[in-house]
Amino acid sequence: MDFSFTPEQLEIRDLAMKFARNEMMTKAAQFDVLAEMPLDILQQAWSLGLVNTCIPTQFGGNGFSAIDSMIITEALAYGCMGMNTAIMANDLALLPIVIGGSDEQKKRFLTPFTESYKIAAFCLTEPGNGSDAGGLKTSIKEDGDDVVINGNKMWITNAGYADLFVLYGTIDPALKHKGITAVVIEKGTAGIEVGKKEDKMGHRCSDTRAVTFNNVRVPKNNILGGLGKGWSIAMKTLDHSRPMVAASAVGGAQCAYDHCVKYAKERVQFNVPIFNHQAIQFMVAEMAMKIEASRLLVHKAAWLLDNHQSNTQLASYAKAFAADSCMQIATDAVQIYGGYGYSKEYPVEKIMRDAKLIQVYEGTSQIQRLVIAKEIFSRS
Amino acid sequence: MNIFVCVKQVPDTETKIVPTADAMFIETSSIKWIMNPYDEFAVEQALLIQAAHTGSTVTVLRVGSSKDTEALRTAMAMGADEAFLVEAQDNLDSYSIAKALKAAIAKSGKNPDIILTGKQAIDDDCLQVPQILATMLDIPSVSVVVGYEGSASEATVKREVEGGALEVYGVKLPALIACNKGINTPRYASLPGIMKAKKKPLTTLSLADVGVSDADRRVKYSNFQLPPEKPPGKKFDATDSTKQAGLVKEVVGLLRTEAKVI
């Protein structure tokens, strides 16, 4: 048992935190109001190696472990959860290629992402299918050497800027999970129609849109793992991405907590700094406990991945616990700040708005509990 | 060109400083160390000079404890080629540090064309090592440098003086340049840079290796104390208009005798 980071991991964390504090935090409020993708910041993060942490070394990546990715994600979300979503969505879209792609596909699709800053979008959710991902309707039909894709995708992160879409569709809805197929679609392919940018409560700088695929034709060698193999790729992707989302919740929560500890020492009520009041102490102590517990769950879920052990249950523990904790912590942060907390002049209300999405995307907190219960009862 | 950079490791600016129990130094066990921020400008300037002169090497030097080699690793992750650490306690005085640096440069086997440092370390704020080192090496030095342009044999540097005016100097190399904020924007150490830095050579020397002993000390610390707490301010009740004239006299008197500001 060893809870310590390696010297390299400490350096990775220091760099990511320095970048988060200097480049992201300083502009987080501005881009929240503008609701624009901070392309310069994202480009700089890419040039420092903070983006696409999932790409293996043989295809030009930095060869990070899952734990390394968690360290980076937590730090970037500390800087701005919205900007981190734009960064993390790349990993979410590229992971299916890392997990289910052939070496030829990995070289063709992943390597360009290591040569310049490119943007990827993961297309699973549909207007009528969110939590019930297995019931998706987008059709993938074979046609000679190609497949033809038709359907609508919803809440697609990075859609307006994507160089690459990784889409899940079905070859036959009657086959349910066994019909689901993952396919890579490159930007510029005829028939892709990107909708207007959604006006969201939080993560406002990340680009979220509906995408329609009208008779989009791609060669069969863009299919990951073969027809009908998409579901298992999607599930394995979530084993990687859910701990990452949980790590982002830890980063957001840590940021809210750090603001509160500082503020509680400055703000005076009843003639003493408010940290002297038990009401404040209890909230801050609760925050500290939940952050540490969330982080340990994230690291355990990542450690299992790095040690090639099943982590589905732990990934859901981490995702649900960290997301729910982040929401509670951000809400209490606003409470500690009082009236100032409710104002956009202060940073905590943004974290509260951002936190909510972590309980919703990549499987709601309720879906995580379903996954956990299914794991418990399928083994007992 | 043989480019040398001297860096110091200092407590993170948010560290809460506490003297040791014997009051001979500060408690270092729980300190997070960072590279002295002014030294980041020196490392960046070294890398810019290296980029402008093909075949140049950047060697980074530090005198201090080996518990954490953060500053040297960061410099190499930013792009420096190799590093020398002279292992020493963290409370060495400026003269001993300069003497150790001079010897470490000699041990590297390279004749320096330029030595870059920060203008000062933000922990003890001595502002002495660059000038002592330059004197020991018998080379010119310019400090508080905010602009640098140069060839392999000479440089034009701008230094900031009181009031924001700039002095411009022509300097023949080898020289020592102590950098100030504004000379450049230090790059981040990228993640691939951090990975590469692991494979770069870091040579550790002892104080004996560089011929520095306790006899070299020019300054001995006798006591470390936190600054005394500020006494609370005085309040004067001026609501009663009949007493205001007397109050003014009293305040002026106190400003003269107690605060001694007028």
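Quick note on labels: first sequence line is chain A, next is B, and so on, each numbered from 1. Quick caveat: nothing in here was measured; it's all calculated off a predicted structure.
Between B/K234 and B/E258 there is a salt bridge, since a side-chain N of the basic residue sits under 4.0 Å from a carboxylate O of the acidic one.
By number of non-hydrogen pairs under 4.5 angstrom with chain A, the leading residue of B/R187, B/M195, B/R73, B/K32 is B/R73.
Put simply, the side chain of B/T15 gets close to the backbone of B/D12: a donor and an acceptor are under 3.5 Å apart. The main-chain N or O of B/M76 is found under 3.5 Å from a side-chain atom of B/K200 such that the two form a donor-acceptor pair.
A 4.5 Å side-chain heavy-atom check between A/F64 and A/I12 finds at least one atom pair inside the cut-off.
Of the atoms belonging to A/L50, heavy atoms from both backbone and side chain fall under 4.5 Å from chain B. Within the 4.5 angstrom heavy-atom criterion, only side-chain atoms of A/D14, from C-beta onward, approach chain B.
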